[in-house]
> 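Below: one structure in structure tokens.
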Amino acid sequence: MTILFAVFLLTMLVITAIAIVRTPDLFAAVMLLGIFSLLMAANFFVLDAADVALTEAAVGAGISTVLFLGALALTAARERSSLAPPRLALVVVLITAATVVYATFDKPALGDPNAPVHQHVAPWYLEQTPVLIGIPNVVTAVLGSFRGYDTLGEVFVVFAAAIGVLFVLSGDRPLSAVFRPKDAPSTGGLKHHLIPRIVGKLLIPFILLFGFYVQFHGEYGPGGGFQAGAIIAAAVILYAVLEGEDRALVALPEPVLKGLVAGGALLYTAVGLVCMLLGGNFLEYSVLSADAVFGQQLGIILIEAGVGVAVTGVLLCIFHAFAARDNPA
Amino acid sequence: MQILGLYNYWVFVALLMIGFYAVIAKDNLIKKLIGLSIFQAAVFLLYISMDKVEGGTAPIIQPGAVDQIYSNPLPQVLILTAIVVGISTTALGLAIVVRIKEAYDTIEESEAAAMDREA
Amino acid sequence: MSLAAQLPALQVVVPMLTAPLVAFLRLPNLAWAGTLAASAMAFAMAVSLTLTVLGGVSIDYAMGGWPAPFGIVLAIDAFSALLLLVVTGASTLALLAGKASLDREIAVDRQPLFFAGWLLVLAGLSGIVVTGDAFNIFVFMEISSLATYMLVAGGPDRRALTSVFKYLIMGTIGATFYLIGVGLIYMMTGTLNLADMADRIGAVEDVKPILVAAGFITMGLALKAAVFPLHAWLPNAYTYAPNIVTVFLAACSTKVALYVLLRFDFVVFQGNLAQHDLQFAGFLIPLALLGIVMGSIAAVFERNLKRLLAYSSVAQIGYILLGAGCVSLLGLTSGIVHMFNHALTKGALFLAVACLGMSLARLRVSDIAGVGRQMPWTMAAFVLAGLSLIGVPGTAGFISKWYLILAALEQGTLGLFMVAVIIGSSLLAVVYIWRIVETAYFGEREAGATVCAEAPLPILALTWAAALANLYFGLRPQLPVELATQAARALLGDAL
């Protein structure tokens, strides 16, 4: 039964992808991309990757769609009628595909517990996480502690995106005008649309609550900083859409957002440095407390908080930067 | 299971092709970025297909559960990072496209390139 | 715990930590000072690590205290140390020299964001060079790439935007190819640590996915390193970026991608895949030769000063690959030493161009007619660095080409052809450098052209420092050659 469902999902993925590429209506393409992400998330869930499914749904289907729509509002709604499909591109793509298919011939079967990928490192993580770190979600343990350095890099990638977008979008206007052009009238949001406003406002507290739940529950179930940051940002974006960006900026003003962005990254790095000062290596949480296991848990909670804070700040900064730009006439 | 494994892989190849084609063949800058997203999503599928163990479940070790097979946690960690990297690249790319629209009044690559050549 | 033991981690953490600290400051000069301080500290750490490594010791550091292959381990040897010196040195030099140049091109209120981006490029490149984990390389590669896109987009001309978009697309394709390759290897070996992969690859029976993985990783890194014919993003990105950014990028960014290519290939693939050295040479040497020839020819016909030097960089990357493709001690040494020397040469050349940019708005070769009389010191520095580019004996460039020719001569008949290409391209370099020098000194300044004043002392002095460094390392090349030889030996040793 699951197999049938999985096959169905995979087929829909391909069909959606082809539709996205072929349609000249960019708005339709972006909406289909959202559906594509959701199907991908469902597929991840079928493959037992619960954390990844949550992230793909929140980030891919949620935030990515918002960003694309924000950019679409500022650019064009349709693709110009395309030229004849370039032959060279088709050839390159087919060669690449053939090479990758060639690699299929010897790959291990899906789900085979004796495949090399399930030996060596993975069983060690599964055995040692309860012993060394003491939290149920092994993915969070690997993400936060065993490979915490990668996650630090990831937070800085997100930080780079925020300062990159702010820098690029301040190319032709003063930096102070990137979030809110001076003398811009209040946009008012969806003031005249009663139903979305009422239903939306009912939803916002629940979304925020769910976001905080995902943040703090990341060690016990699917969740963690990235997903939580995306969900909380989505709640604020919903508020901005309903009431107008200026009201959202009153709720979370610009200095606060910038503080979140810098603060989250600094918190993560600071935890690592404190470990160094206490005698361990960088990000060695065991030294944070007399009980090594508790130290690990403390370290993971702190860095996940840093991640959640940074991601919320970044996504909101990027959203406001796009939303504040004037629509071309 | 065997068929599912192979099908997963073929879908990965198909999505890779579709996304890659969109990036290199399409003229519209936003379509290129969309294609890039699909291209990256295909790679996520490759990694996650690797993590499934037959009869396994998500790697969340409930206390007291014995003899439970778990799927592999490592590819999931890698893809969590890769998803975030992908969205960051998309965000920066979109900001650049907005500036290009304001500077060139077009988001078709060939038109912008023609304007560049005249300069 | 001693400071020395923590240096590998601090090398990356110090610039990374400074970035959020400077990003939202109000005073741009404070942001610049903070960035300079972090960069100088990173340089000092790189020097210290180099001194440790010169003794033949390689340094290992377990992030989070978890041993390999369960955690991420940093591994620093001579090759890493050489590149750390290049990256941190170029960053510090460009920052010291370039505040005035930057003020002309980037609005003051945006500069704190710019400097935060600069620090992220520094942290990203340092992170790639010190790590021993394949996926960690991907993460830091994307940190440095995203920040680089941002820096390049700061250029005042609107063509910076289209150039950086192309760079973004090609760079992300390259990174994704690399990710596919790493995924396929992980699928067959179950580990992400480079040294561990090398151990476990030998045990794999079905090599097809590994071969395909090698192909993807090579293609992806070739895109990032601007190997011909995947170099299309480089000329425009270098041309339209702010002048100081070009100094930093031309010195480092492609070299680090080549570092990853060589490290991955020699540690993981060579010696574990049958006939790989022949495949490697057979694939890279023709591309390297083509890159040298096409890059040099394009430079000869190019009218824009920065783009001319950018095409010359494509040719220089060809030299590095030609040396590496020989898969011999001399070959690898010549390639690696050229990473160091080319950083010096192009760094000095682009600094001289930045000096010119202080007075001139457009930088076509025709725009600098007669400038030699108005900016004598700048042009003299340019000439000196140009001699190093050509490879005149006594300059750093000569050392690289000498070793390269020696390595080529070991290759028999093909080697003679390679020597012919090297000498021919050096003659082409004479042509395009002479064209610039002739226009600058013997050209007539047009009636309405801008009157150029000599560049301000800070940037001029540092341009001269870079130019003189070319002379110094041409006459006393012991340090880079020693590091490069050790690095080559380590790479070949891993391949055994």
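All chains are named by letter (A, B, ...) in the order of the sequence lines, taking the proteins before the strands, and each is independently numbered beginning at 1. Since this is a predicted model, take the numbers as computed values, not measurements.
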> Checking heavy atoms, do the side chain of I143(C), its backbone, both or neither come under 4.5 Å from chain B?
neither
> Once you measure the plane-to-plane angle for Y178(C) and F138(C), does it fall in the parallel (<30°), tilted (30-60°) or perpendicular (>60°) bin?
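Parallel.
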> Centroid separation under 6.0 Å, is that true for the rings of F44(B) and Y47(B)?
no
> Please flag which part of F20(B) lies under 4.5 Å from any non-hydrogen atom of chain C: side chain, backbone, both or neither.
side chain
> Any idea which of V97(B), N72(B), L29(B) has the most non-hydrogen atom pairs under 4.5 angstrom with chain C?
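Of V97(B), N72(B), L29(B), L29(B) has the most heavy-atom pairs under 4.5 Å with chain C.
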> Would you find a donor on one side and an acceptor on the other, under 3.5 Å apart, between the side chain of T131(C) and the backbone of G127(C)?
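No.
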> For the residue pair N243(C) and L363(C), establish whether any side-chain heavy-atom pair is separated by less than 4.5 Å.
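Counting from C-beta outward, N243(C) and L363(C) do come under 4.5 Å.
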> Heavy-atom distances under 4.5 Å only: say whether L36(B) touches chain C with side chain, backbone, both or neither.
side chain
> Please flag which part of T89(B) lies under 4.5 Å from any non-hydrogen atom of chain C: side chain, backbone, both or neither.
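Both parts, backbone and side chain.
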> Which bit of L16(B) comes within less than 4.5 Å of chain C, counting heavy atoms only: side chain, backbone, both or neither?
side chain
> Name the region of F70(C), side chain, backbone, both or neither, that has any atom closer than 4.5 Å to a heavy atom of chain B.
neither
> Based on non-hydrogen pairs under 4.5 Å, which of L192(C), L184(C), L161(C), I169(C) is most in contact with chain B?
L161(C)
> Where the side chain of K32(B) meets the backbone of V23(B), is there a donor-acceptor pair that is under 3.5 Å apart?
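Checking the backbone N and O of V23(B) against the side chain of K32(B), a donor-acceptor pair under 3.5 Å is found.
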> Going by atom types only, do R307(C) and Y240(C) share a side-chain donor-acceptor pair under 3.5 Å?
yes
